[in-house]
2 protein chains.
Amino acid sequence: MKIGDLATEVGIDIQTLRYYETQGLLDEPQRLQNGYRDYPDKAIASLMFIKKAKLVGFTLKEIKDLLAIQVTKDEHTCQEVKKFTQIKLDEISKKIKELTHIKSALKKIHTSCCGGDETAAHCSILSALES
Amino acid sequence: MKIGDLATEVGIDIQTLRYYETQGLLDEPQRLQNGYRDYPDKAIASLMFIKKAKLVGFTLKEIKDLLAIQVTKDEHTCQEVKKFTQIKLDEISKKIKELTHIKSALKKIHTSCCGGDETAAHCSILSALES
DNA sequence: ATAAACCCTAAAGTATACTATAGAGTCAAG
DNA sequence: CTTGACTCTATAGTATACTTTAGGGTTTAT
């Protein structure tokens, strides 16, 4: 799979794919005889993950770390992975919690603020969050 | 409340507070006789919201838009708010969904990959997401 | 009354994550 | 056999979100 096909497939710019490669987020693919990059199908999964992780506020560095998770039978590495995943799980729980708060505030504005006569006073994100 | 106190209170740098003001995210506060900014208590709530919204991947521009939600009795404005909040609700639902996926993958790695003998093969974020 | 700690503006500098440009080679269709 | 679409590297430019610097005034504690 050539870079243009991959770019179309995942909806990411060609330049960005090459940039991700330089940053170590995307494995260096095999090259064809002519020097063109030849991506394996699994590159699609990697990029979809990168897209989604970016959407929810992870930096490229953090995403790189997530993609780098590897457990070996070495106890040391195992403990490190346990520790790392725990930290990330906590971060994610926090993110979900914050999103849930913001969502409920927006929902409140969406469902009630355009209905009544005197409800408009509460229809800002901050006042919706307060109550 | 002076800018240093506010900065300490919310855990955001003084320079960043002034930057947010220039970007229209934070209301211009009253000034004391000496020209110092004098923030009302509600600035704390605004900044906590900004922090949380940033954490989950919203840009300053998007946060500004969220903070600007105002419903008046004007039908036109009301429809605009409805439309805007619906779009944001969809975005947030998507973010929560993605975070939930990533979370379950990490949980899988966290709970199972350091246990058995031959489990290590599945212990990457991508393979954990697949299944 | 003076030094440390705080505040001000304006402007330059930095990190992250792209995005575009230049100059060149490769390939498929007519 | 050439033209248009694709690829390559290297490098420069841009947008966002800070962060630092410079040069100055104010407040508080000793």
Side-chain angles (χ1 to χ4, degrees), chain A residues 1-41 43-44 46-68 88 91 95 98, chain B residues 1-41 43-44 46-68 88 91 95 98:
Chain A
M1 188 180 224
K2 284 192 289 181
I3 197 166
D5 303 324
L6 182 59
T8 304
E9 185 76 31
V10 299
I12 297 176
D13 201 88
I14 288 176
Q15 323 280 11
T16 304
L17 296 181
R18 290 199 277 245
Y19 172 70
Y20 286 168
E21 189 179 320
T22 68
Q23 301 306 299
L25 272 95
L26 197 53
D27 288 343
E28 286 186 33
Q30 297 290 115
R31 298 291 181 122
L32 299 170
Q33 299 89 320
N34 56 20
Y36 288 11
R37 285 170 181 81
D38 185 27
Y39 291 98
D41 284 356
I44 296 170
S46 302
L47 287 164
M48 293 313 285
F49 175 74
I50 292 171
K51 265 185 97 165
K52 290 168 179 179
K54 264 179 53 61
L55 176 77
V56 294
F58 286 108
T59 64
L60 295 190
K61 172 75 177 65
E62 287 171 329
I63 296 168
K64 189 178 167 183
D65 290 343
L66 286 169
L67 285 168
K88 289 295 159 187
E91 277 177 30
K95 280 172 192 269
E98 301 307 352
Chain B
M1 188 180 222
K2 283 192 288 180
I3 197 165
D5 302 323
L6 181 59
T8 305
E9 185 77 31
V10 298
I12 298 176
D13 200 86
I14 288 177
Q15 324 281 10
T16 304
L17 296 181
R18 291 199 276 246
Y19 172 70
Y20 286 168
E21 191 180 316
T22 68
Q23 301 307 299
L25 273 95
L26 197 55
D27 288 341
E28 286 186 33
Q30 296 290 115
R31 297 293 181 121
L32 299 169
Q33 299 89 322
N34 56 22
Y36 288 12
R37 287 171 180 80
D38 185 28
Y39 291 98
D41 284 356
I44 296 169
S46 302
L47 288 165
M48 294 314 284
F49 175 73
I50 292 170
K51 265 185 97 166
K52 290 169 180 180
K54 263 179 55 59
L55 177 77
V56 294
F58 286 108
T59 64
L60 296 190
K61 171 75 176 67
E62 287 171 329
I63 296 168
K64 190 178 165 183
D65 291 343
L66 286 170
L67 285 169
K88 288 296 158 185
E91 277 177 30
K95 280 173 191 271
E98 302 306 352

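Letters A, B, ... are given to chains in the order of the sequence lines, protein chains preceding strands, and every chain is numbered from 1. Every value quoted in this text rests on a predicted model; they were computed, and no experiment measured them.
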Nucleotide of D/dT7, C/dT9, D/dA17 approaching B/Arg18 most closely (side-chain heavy atoms): C/dT9

First encountered from the 5' end of DNA chain C, between A/Asp13 and B/Gln15: B/Gln15

Under-4.0 Å side-chain N/O to phosphate OP1/OP2 contact, B/Tyr19 with D/dT16: no

Distance below 4.0 Å between B/Lys54 side-chain N/O and D/dC18 OP1 or OP2: yes

Spacing between [X] atom [atom1] and [N] atom [atom2], to the nearest angstrom:
X       : N      : atom1 : atom2 : value
A/Leu17 : D/dC6  : CG    : P     : 15 Å
B/Asp5  : C/dA5  : CG    : P     : 16 Å
A/Gln33 : D/dC8  : CD    : C1'   : 15 Å
A/Tyr36 : D/dT9  : OH    : C1'   : 13 Å
B/Lys51 : D/dA17 : NZ    : C1'   : 16 Å
A/Leu60 : C/dT19 : CG    : C1'   : 14 Å
B/Leu25 : D/dA17 : CG    : P     : 9 Å
B/Glu21 : D/dC18 : CD    : C1'   : 16 Å

Just by distance, do the side chain of [X] and the backbone of [Y] share a donor-acceptor pair under 3.5 Å?
X       : Y       : result
B/Asp38 : B/Met1  : yes
B/Asn34 : B/Tyr36 : yes
A/Glu98 : A/Lys95 : no
B/Thr8  : B/Gly4  : yes

Given DNA chain D, 5'-ward residue of the pair A/Asn34 and B/Lys61, judged by closest heavy atom: A/Asn34

B/Thr59 vs A/Arg31, nearer the 5' end of DNA chain D by closest nucleotide: A/Arg31

Which is true for [X] with a 4.0 Å heavy-atom rule: it touches a base, it touches only sugar-phosphate, or it touches nothing?
X       : answer
A/Leu32 : nothing
A/Arg37 : sugar-phosphate
A/Ile14 : sugar-phosphate

A/Glu21/A/Arg37 salt bridge by N-O under 4.0 Å criterion: yes

